[in-house]
Amino acid sequence: MERDLDFKKMLKMYIKNMWLVVAVAILLGGVVGILMNESKENVLTKKVYLVYDLEKSENENLETKRVIYFDAYQGLLKGNALSLSNAFTPEEQERLNNIEVEVSSSCYTINLTVPADREVVADKEMLEKFINESETWMREKFDDDSLNVEVLTDRVNVSNSRNSLIIKVMLGAFVGAILVIVFLFVWFVLDRKVRNEDDVEFYTNLQCFSVIHRSRDKQKNDVDKIRERILQSGESVWGITSIGSRIGKTYVSQLLMDSLERAGKKILMFSIGDAINNSYEVEEELKRMESKSYRNFENKKTVVFGKSSDIERIVYCPEFINLLEVYKENYDYIVFDMKELGEHSITKRLCALCDEVILVMGMDKEDGIKVAHVIKEVSETGGNVAGIVLNEWSEKRRILRM
């Protein structure tokens, strides 16, 4: 299951991750620059062609001789017969290995690449000697003293390696940027993290009650949206849970209690964990109810399942169900601040005791498929997840951002 391709969201994703595109482009461009960095070079170029007489008395035609001479001279230049001859010193033979030959029509372009920091006079003389030797070789090969190698062009080109390097760096940066853009596109399509209200509806078919923003100035209005949903529902027992830890569900529960109190409602919250100020242990509440000395119904109250409490035994015993009924009669709303669904099976039992359950999720933290599966499990055990709350405060700090 993949999310729809929303081009506005995709553009927003690219803007958020533009730093990665730039970083990879700079990195790859730098690597290409280091690997491709070359010193400046000079290229000695001579364009030559063959000149010879036509022997009419031997029934030769011009085309036949041209083909024979052309092929022979081409093979001579592209081979190493001349460069390895005794006419050249070992040093000259090594430098002649850098000769490149291009053949076009009846012309031969001979290029000799030499370092730019070296005087070209000696190399020019060596190249001239190479051409003269080739002329001598052709004359002896075909016993034709009329055969000459004429120089058409003689020039020295300074290779613009700086400009070439810049182009290579730019090309490397461009390729790096394209690779990141393609990677981000694939990630955008396949990533299944729940990041916004549309994703909540897409994966769970449930409504997002609210998004709790990081800004405390906005949190009051964010929680009031949850309160309005609760007030309109007509249900009095609500559970608040999550899938993973460190989502901020207890913080959301406290904000919700304060919001309901501002609306003039009497609220009781069940909390699992350490006792807090002005809270009551659930065992003490059960004893008071059993002794029929229960008169403590203040407007805002917290009952705690302490660490030493046998939670599983308590929530399944009839006395706790009776206590819950007493609370329903004396409080407008009861809120269970429960443990995570993924770690505590008893949470599903508590969900079954609630009229409705709110699932708090960290924005950009939970896998949408997993969320849908957990909601289905809660439903199968008698609970009912009414909606989702996305907590921006617990949003996972990821390198890649949607």
Side-chain angles (χ1 to χ4, degrees), residues 194 197 199-212 222-257 259-260 265 267-273 282 302-305 311-312 314-316 320-321 323-325 327-328 331-363 365-391 394:
V194 177
E197 296 164 274
D199 288 344
V200 169
E201 186 173 355
F202 177 74
Y203 285 113
T204 68
N205 291 322
L206 296 174
Q207 291 184 334
C208 181
F209 282 1
S210 183
V211 176
I212 308 298
D222 297 337
V223 177
D224 285 348
K225 293 178 181 178
I226 306 174
R227 181 191 68 189
E228 293 306 313
R229 296 274 189 168
I230 292 175
L231 295 177
Q232 294 171 10
S233 69
E235 305 294 349
S236 60
V237 183
W238 288 78
I240 297 181
T241 185
S242 62
I243 297 177
S245 59
R246 303 183 66 83
I247 299 298
K249 68 173 174 52
T250 297
Y251 181 66
V252 173
S253 300
Q254 293 291 345
L255 291 176
L256 180 59
M257 283 191 68
S259 180
L260 289 169
K265 304 299 180 181
I267 320 105
L268 180 137
M269 183 172 76
F270 280 103
S271 179
I272 299 177
V282 65
T302 301
V303 178
V304 178
F305 290 90
I311 300 176
E312 189 165 352
I314 293 173
V315 299
Y316 279 99
F320 181 75
I321 305 301
L323 178 63
L324 191 58
E325 292 299 325
Y327 286 152
K328 288 182 181 180
Y331 288 93
D332 297 316
Y333 292 98
I334 299 172
V335 177
F336 279 88
D337 176 21
M338 298 179 281
K339 289 291 186 180
E340 302 84 24
L341 281 164
E343 296 182 5
H344 302 274
S345 60
I346 194 63
T347 301
K348 294 178 182 178
R349 164 61 179 169
L350 292 174
C351 288
L353 294 177
C354 300
D355 298 325
E356 303 284 0
V357 176
I358 296 174
L359 186 62
V360 179
M361 296 168 48
M363 187 177 291
K365 194 169 184 178
E366 301 293 349
D367 184 285
I369 302 297
K370 181 181 178 181
V371 173
H373 179 70
V374 169
I375 291 173
K376 182 180 178 182
E377 287 184 345
V378 171
S379 177
E380 290 173 349
T381 55
N384 180 44
V385 179
I388 309 292
V389 171
L390 288 179
N391 191 3
S394 69

How long is the span from the [atom1] atom in [X] to the [atom2] atom in [Y], to the nearest 0.5 Å?
X: M363; Y: D199; atom1: CE; atom2: CG; answer: 10.0 Å
X: T381; Y: K376; atom1: OG1; atom2: NZ; answer: 12.5 Å
X: M269; Y: S253; atom1: CE; atom2: OG; answer: 6.0 Å
X: L350; Y: I240; atom1: CG; atom2: CD1; answer: 13.0 Å
X: I243; Y: E340; atom1: CD1; atom2: CD; answer: 10.5 Å
X: L268; Y: I334; atom1: CG; atom2: CD1; answer: 6.0 Å

Are the side chains of [Y] and [X] in contact, using a 4.5 Å heavy-atom criterion?
X: L359; Y: V371; answer: yes
X: D337; Y: I272; answer: no
X: V389; Y: M361; answer: no
X: I388; Y: I358; answer: no
X: V200; Y: V194; answer: yes
X: V315; Y: I346; answer: yes
X: V211; Y: E197; answer: yes

Contact summary for [X] and [Y], nearest pair of heavy atoms:
X: G239; Y: M338; value: CA-CE, 3.6 Å
X: E235; Y: E356; value: CG-CG, 3.8 Å
X: I247; Y: N391; value: O-ND2, 2.7 Å
X: C351; Y: L341; value: SG-CD2, 4.2 Å
X: S233; Y: W238; value: OG-CZ2, 3.0 Å
X: V378; Y: N384; value: CG1-N, 4.2 Å

task: Could you tell me which residues satisfy side chain to side chain donor-acceptor pair (under 3.5 Å) with R229, sequence neighbours excluded, listed by chain and number?
output: Q207

message: Which residues pass the side chain to side chain donor-acceptor pair (under 3.5 Å) test with D367, not counting sequence neighbours?
response: R192

task: Start with the C-alpha gap between L390 and F209, add the side-chain angles, then the distance that decides, and say whether side chain to side chain contact (heavy atoms under 4.5 Å, CB included) holds.
output: CA-CA 8 Å; L390 288 179; F209 282 1; over 6 Å; no

message: Is it true that, when you exclude E325 itself, more than 12 heavy atoms of the residues, nucleotides or ligands shown sit nearer than 6.0 Å to its CD?
response: yes

- prompt: NZ of K370: more than 12 outside heavy atoms within 6.0 angstrom?
  reply: no

Derivation and outcome, side chain to side chain contact (heavy atoms under 4.5 Å, CB included), residues V223 and I212: CA-CA 7 Å; V223 177; I212 308 298; 4.0 Å; yes

- prompt: How about D222 and S210: does a side-chain donor come under 3.5 Å of a side-chain acceptor?
  reply: no

- prompt: Would you call E228 and K225 a salt bridge, using N to O less than 4.0 angstrom?
  reply: no

- request: Mind checking ring-ring contact (aromatic ring centres under 6.0 Å, His included) for F270 and listing every partner two or more places apart, or none if nothing turns up?
  value: F305, F320, Y327, F336

task: Have a look at K348 and tell me which of E312, E380, E377 forms a salt bridge (charged side-chain N to carboxylate O under 4.0 Å, His left out) with it.
output: E377

message: Check whether R227 reaches the backbone of L260 with its side chain - one donor and one acceptor, N or O, closer than 3.5 Å.
response: no

task: Please answer whether the main-chain N or O of L256 pairs with a side-chain N or O of S259 as donor and acceptor at a distance below 3.5 Å.
output: no

